[in-house]
Structure formats: C-alpha cells, structure tokens
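Each remark here refers to the structure printed beneath this line.
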Amino acid sequence: MNDFSPGGYRALLEAFRVRGYEVRGFADAEPSQRHLILRHDLDITPEAALPLAQIEAEFSMRASYFVLVRGELYNAFATPQAQAIAALKTLGHEIGLHLDASLYADDDAAIAAGAAAECAALEVLAGVAVRTISFHRPVARLVGRTGPIAGRDNTYEARFVTEIGYCSDSAGGWHRGRPLDHPAISAGRALQLLTHPIWWRGTTPQAALDAHLADEVARLDAALAANCKVHTPGRARLVR
Ligand SMILES: [Zn+2]
C-alpha cells in the first residue's frame with residue numbers, strides 16, 4: 001500500500017492511536033502529552049480534503065483545515081470549493097485561514113490587517129469563527145514568532161513548532177523524516193502533523209497534479225461553454 005493514499009492515512013492515524021496519541025486542536029494541545037494536532041493546508045483545492053476528512057471523522061478525530069482566500073489555484077467562494085469547505089465543517093473539523101503573507105508588506109501591522117480581512121471573508125463563507133491561521137510558504141521571520149495575529153493563534157508559533165514536535169509531508173514525501181520516527185513520539189510528547197491532502201491520492205505527486213490539472217481544464221471548459229455562446233466545449237486539447 002502506498003503511504004500517500006487514503007488507506008495509508010488511515011493506517012497512520014491507527015498507528016498514532018495504538019501509541020496512545022489523542023487528537024487535540026491548537027487551542028488545547030499540551031506539549032508534554034501524547035497529543036496529536038492534525039493540520040491540513042489546502043494549497044491546491046479544498047475538494048482533495050474530503051477523503052481524509054471522512055476518515056478522521058470515522059476515528060472521531062477533529063482536524064484543522066486551512067483555506068486560502070487569495071490563492072492563485074482556487075476560488076474558495078466558487079461552488080465546488082465552498083461545498084467542500086461546508087462538508088469539512090459538517091464533519092466537525094476546524095476551518096482556519098491559510099495566509100500568504102507575501103501578498104502584503106513585510107511588517108506585522110500590514111500582515112495583521114490582511115489576516116483580519118481574509119478571516120472576515122472566510123468567516124462569512126464558512127459560517128464559523130476563524131480562530132487559527134497558518135502561513136502559506138512562510139519566510140523565516142514568520143516561523144517561531146510569538147503572539148497573536150489579528151487576535152488569532154498561528155500554527156508556526158514557537159509553542160507549536162518547537163515545544164510541540166513538527167512534521168510535514170511537503171512536496172509529497174517525508175523528506176525531513178517520517179512522523180512516527182519523530183523524536184517527540186519516542187519521548188511521548190505532542191506532535192503537529194501537517195499534511196497536504198493533494199498528495200494523498202495513492203499516486204506520485206506529479207500524477208496527482210496531472211489529474212488535478214485535467215479536472216480543472218475540464219471544469220473551465222464547461223464553465224466557458226455555460227457562459228459564452230461562442231465557446232465550443234472540448235477545445236482544451238487544441239490550446240496546449
Ligand atoms: Zn500552503
């Protein structure tokens with residue numbers, strides 16, 4: 001079985017449970033306890049999150065899903081993405097803001113103002129209070145800082161990446177070590193596990209992106225046909 005598949009994710013959650021880990025949120029995880037924070041950054045599309053979110057719900061685990069409001073790759077307010085976000089909420093998961101701080105001037109006041117505006121938009125969309133922010137591809141200065149941003153916790157605060165262990169599947173692999181091999185696990189301490197749902201489709205990272213690209217082209221093709229009388233569907237293959 002491919003680790004990076006829904007079945008692999010289920011097995012990983014089971015392995016944490018067998019080791020006595022309990023899933024907690026950012027607000028109530030204790031560094032010295034066997035607490036597991038399940039964080040997902042939705043970089044490519046919220047729809048990719050649903051298989052993992054359903055598995056977590058089966059385990060009665062509440063994860064945190066972070067949504068881009070100003071991303072280049074999806075519109076959170078468009079119907080398929082908004083429906084996916086609503087489904088995550090219905091399954092009981094936290095909805096947080098995934099913030100690309102590079103869109104704002106590199107000072108705390110500008111980033112806080114941008115975060116406040118994006119959180120307000122996301123709260124309207126999701127119908128929940130946004131309590132946590134995660135940075136998208138943060139610069140070094142933003143990792144390990146302390147204090148709230150726009151009144152919210154952020155996932156790269158020192159307590160969440162230093163006091164609590166941190167492990168990520170960036171670029172579709174455990175390039176900095178597998179989660180169960182993290183020193184926090186052998187020490188019986190808390191871990192923040194960041195996964196990006198797009199990588200958990202049971203394929204290579206490139207194949208996952210290829211499939212997503214094909215889906216998006218098909219969707220754009222249909223949307224153009226629905227909105228423009230002059231567009232004949234099926235032309236995407238002609239414009240490579
Ligand atoms: Zn990101």
Side-chain angles (χ1 to χ4, degrees), residues 4 9 25-26 37-53 56 63-78 80-82 84-85 88-89 93-106 108 110-112 114-119 121-123 125-126 130-145 149-150 152-158 160-162 164-177 179 191-201 203-206 208-213 215-216:
F4 288 83
Y9 189 69
F26 286 92
I37 301 174
L38 295 174
R39 164 183 160 201
H40 304 277
D41 287 353
L42 303 179
D43 283 2
I44 310 293
T45 171
E47 294 169 287
L50 294 177
L52 305 189
E56 291 158 343
S64 298
Y65 286 84
F66 292 89
V67 176
L68 284 165
V69 169
R70 292 188 57 193
E72 300 290 334
L73 295 176
Y74 64 87
N75 173 6
F77 286 77
Q81 288 79 16
I85 293 163
L88 295 173
K89 175 185 158 189
H93 300 304
E94 178 185 15
I95 306 296
L97 176 70
H98 200 32
L99 179 69
D100 183 354
S102 73
L103 296 170
Y104 303 100
D106 188 21
D108 284 359
I111 292 171
E118 292 193 30
C119 283
L122 182 56
E123 287 178 343
L125 172 65
V130 171
R131 305 193 188 286
T132 318
I133 293 169
S134 82
F135 287 115
H136 175 62
R137 306 179 66 185
V139 296
R141 182 181 80 77
L142 294 173
V143 177
R145 74 186 286 288
I149 295 169
R152 280 112 174 153
D153 291 339
N154 101 75
T155 63
Y156 287 105
E157 286 175 45
F160 295 131
V161 292
T162 305
I164 289 175
Y166 174 74
C167 182
S168 163
D169 70 346
S170 293
W174 303 121
H175 299 297
R176 294 187 180 176
L191 184 78
Q192 174 186 173
L193 178 64
L194 166 60
T195 52
H196 299 78
I198 191 71
W199 304 137
W200 292 79
R201 293 184 163 186
T203 65
T204 64
Q206 184 64 71
L209 296 178
D210 287 346
H212 174 68
L213 181 59
D215 288 348
E216 288 297 296

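Every number for a ligand or one of its atoms is a count from 1 in the order of the listing. These numbers come from the heavy atoms of this one structure, side chains and all, not from hydrogens, waters or symmetry mates.
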* To do: Compute the centroid of each ring, for Trp199 and then for Tyr9, and state whether the two points are separated by less than 6.0 Å.
  => no
* Asked: Does CZ belonging to Arg145 count more than 12 external heavy atoms closer than 6.0 Å?
  -> yes
* Any side-chain heavy atom of Ser168 sitting closer than 4.5 Å to one from His196? -> yes
* Asked: Hey, is the Zn ion (ligand 1) within less than 2.8 Å of some N/O/S atom on His196?
  -> no
* Asked: Taking the N/O/S atoms of Asp43 one by one, which is nearest to the Zn ion (ligand 1)?
  -> OD1
* **Shortest-distance N, O or S atom of His136 relative to the Zn ion (ligand 1)** => ND1
* Asked: Taking the six-membered ring of Tyr156 as reference, does the NZ or CZ atom of Arg39 fall below 6.0 Å from its centre and within a 45° cone about the axis?
  -> yes
